[in-house]
Number of protein chains: 2
Amino acid sequence: MNGVSFPPLDAETKVSERPHDHKDELRLWLRFLSCNVLIEGNIRRRLRDKFDMTLPRFDLLAQLDKASAGMKLGELSQRLMVSNGNVTGLVERLVAQGLVDRQVAANDRRSHLVKLTAEGRRTFRAMAAAHEIWIAEIFGELTSGERANLMQLLAKVKKSAAKMTAAKD
Amino acid sequence: MNGVSFPPLDAETKVSERPHDHKDELRLWLRFLSCNVLIEGNIRRRLRDKFDMTLPRFDLLAQLDKASAGMKLGELSQRLMVSNGNVTGLVERLVAQGLVDRQVAANDRRSHLVKLTAEGRRTFRAMAAAHEIWIAEIFGELTSGERANLMQLLAKVKKSAAKMTAAKD
DNA sequence: TGAAGATGCTTTAAGTTAAAAGCATTTTCC
DNA sequence: GGAAAATGCTTTTAACTTAAAGCATCTTCA
């Protein structure tokens, strides 16, 4: 100790009021990132090896599986949180694979309705069952109490991140 | 209640022993993913708008900033957890931008040593200071207790994910 | 009605990414 | 020393991704 005293820091102290000492938050973000890289990399590899499928296409199929009436491309891009152009390409490849079907909407000829084909549904269900187990293998190492705890902390993080994104600064 | 009784589930129950009911873990993963998309998207946008920089290049510069003696391409790809070919391209663009310098290693002509240029270091430091504040804005909404809690839970997740990845099944 | 704007999607340009094959150099081992 | 294997990196190919510009269609409103 050098005798210099610092103002007390607590949860209410705003970021801007303590411009230094953000190493804590940074470490947390880095750990978050490495979890994400590890898990996503794992899931991508297994989807490719076992089903010859990519994660973005799997995610798109998952959305369609929940919407039996089909979805418009714009809805898909919102749900998946990716750009419009991105969805165009993904759907193209899934149509080529015979897993989804795309047709012009009845009432608006700009709009296209995308649906799972019978084969698409069958294929997706098989992949989803495996995927669920892979995820459970990872997060199942936490107790259900820890999972609830993590779920709640991530809710806070998500809320905070969403606010930040909306601010657009 | 229908009178059917299920075996009790606790933290020790293995995933394979309860093949259904992984919805809990799946929801947790989906929430994790949306946090990641939101935060990363935010950081990418700001790096681009304020510094005309991409996140992968920023990450690479961050590694170099910690290694004053420079790093080999292979080290970089390990630390960044990306492929070799990926690093080749990123370094190429950073050299073109004048932010890093690449030269053949003295003792091994297969190997190349990559270093920050003076401008690279200056540029990175400015970006890193802003980046640190952006991250703090997001994670600073948690109390320091919550951050410690989250840090510890993610340590468990990371360990579990690393084990999974090593298994290669 | 009919121009102006909004909306839904596609195209384009640039970047990131992995896997696999390839090339040069170094190391190992006989 | 020299063949064989390992190592470090690059190239190739294919996929994903965004932002921005573009095209077709629909809606609004004077």
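Lettering follows sequence order; numbering is per chain, from 1.
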Does the base of D:dT25 carry an N or O that pairs as donor and acceptor with the side chain of A:Arg109 under 3.5 Å? no
Are OP1 or OP2 of D:dC9 and a side-chain N or O of B:Ser111 less than 4.0 angstrom apart? yes
OP1 or OP2 of C:dT10 versus the side-chain N and O atoms of A:Arg102: is any pair under 4.0 Å? yes
Rounding to an integer number of Å, can you tell me how far B:Glu40 CD sits from C:dT17 P? 9 Å
So if I take every side-chain heavy atom of A:Thr88 and compare against D:dT10, C:dT25, C:dC9, which nucleotide ends up nearest? C:dC9
When we call it a touch if two heavy atoms are under 4.0 Å apart, what does B:Gly85 touch: a base, just sugar-phosphate, or nothing? base
By the 4.0 Å heavy-atom rule, please label A:Leu55 as base, sugar-phosphate, or nothing. nothing
A:Asn84 side-chain N/O to C:dC9 phosphate OP1/OP2 under 4.0 Å: no
Work out which heavy atom in B:Leu33 is nearest to a heavy atom in A:Asn36; give both atom names and the distance. CD2-OD1, 3.8 Å
Check every strand shown and say whether B:Val87 touches a base, only sugar-phosphate, or nothing at a heavy-atom separation below 4.0 Å. nothing
Close side-chain approach of A:Leu99 to A:Glu119, heavy-atom, < 4.5 Å: yes
B:Arg48 has its side chain closest, among C:dT10, C:dG15, D:dA19, to D:dA19
Min side-chain heavy-atom separation A:Trp29-B:His131 under 4.5 Å: yes
Looking only at side-chain N and O atoms, does B:Asn84 offer a donor or acceptor that is under 3.5 Å from a partner on B:Ser77? yes
For the residue pair B:Phe58 and B:Phe124, categorise the inter-ring angle as parallel (less than 30°), tilted (30 to 60°) or perpendicular (more than 60°). tilted
Respond yes when some side-chain nitrogen or oxygen of B:Ser83 is under 4.0 Å from OP1 or OP2 of C:dA18, and no when none is. yes
Please report, rounded to the nearest Å, how far the C1' atom of C:dG8 is from the CG atom of A:Leu76. 13 Å
Interatomic distance, A:His112 NE2 vs D:dC23 P [rounded to whole Å]: 17 Å
Residue pair A:Gly89/B:Leu73 against DNA chain D: nearer the 5' end by closest nucleotide is B:Leu73
Whole angstrom value for the distance that separates P of C:dT17 from CZ of B:Arg57: 11 Å
Can you figure out which of C:dG15, C:dT25, D:dT11 approaches the side chain of B:Glu92 most closely? D:dT11
Classify B:Met53 by what it touches in the nucleic acid, base, sugar-phosphate, or nothing, heavy-atom distance under 4.0 Å. nothing
Could you check how far CG of B:Asp108 sits from P of D:dG8, rounded to whole Å? 7 Å
When we call it a touch if two heavy atoms are under 4.0 Å apart, what does A:Arg44 touch: a base, just sugar-phosphate, or nothing? nothing
How close or far is atom C1' of D:dA14 from atom CG of A:Asn86, stated in whole angstroms? 15 Å
Can A:Leu76 be reached from A:Val104 by stepping across I, L, V, M, F, W or Y side chains whose heavy atoms are under 4.5 Å apart? no
Output the rounded distance in Å from CG (A:Leu60) to P (D:dT17). 10 Å
How many Å lie between CE on A:Met71 and P on C:dC9, as a whole number? 11 Å
For the base of C:dT26, is there a side-chain donor-acceptor partner from B:Arg110 under 3.5 Å away? no
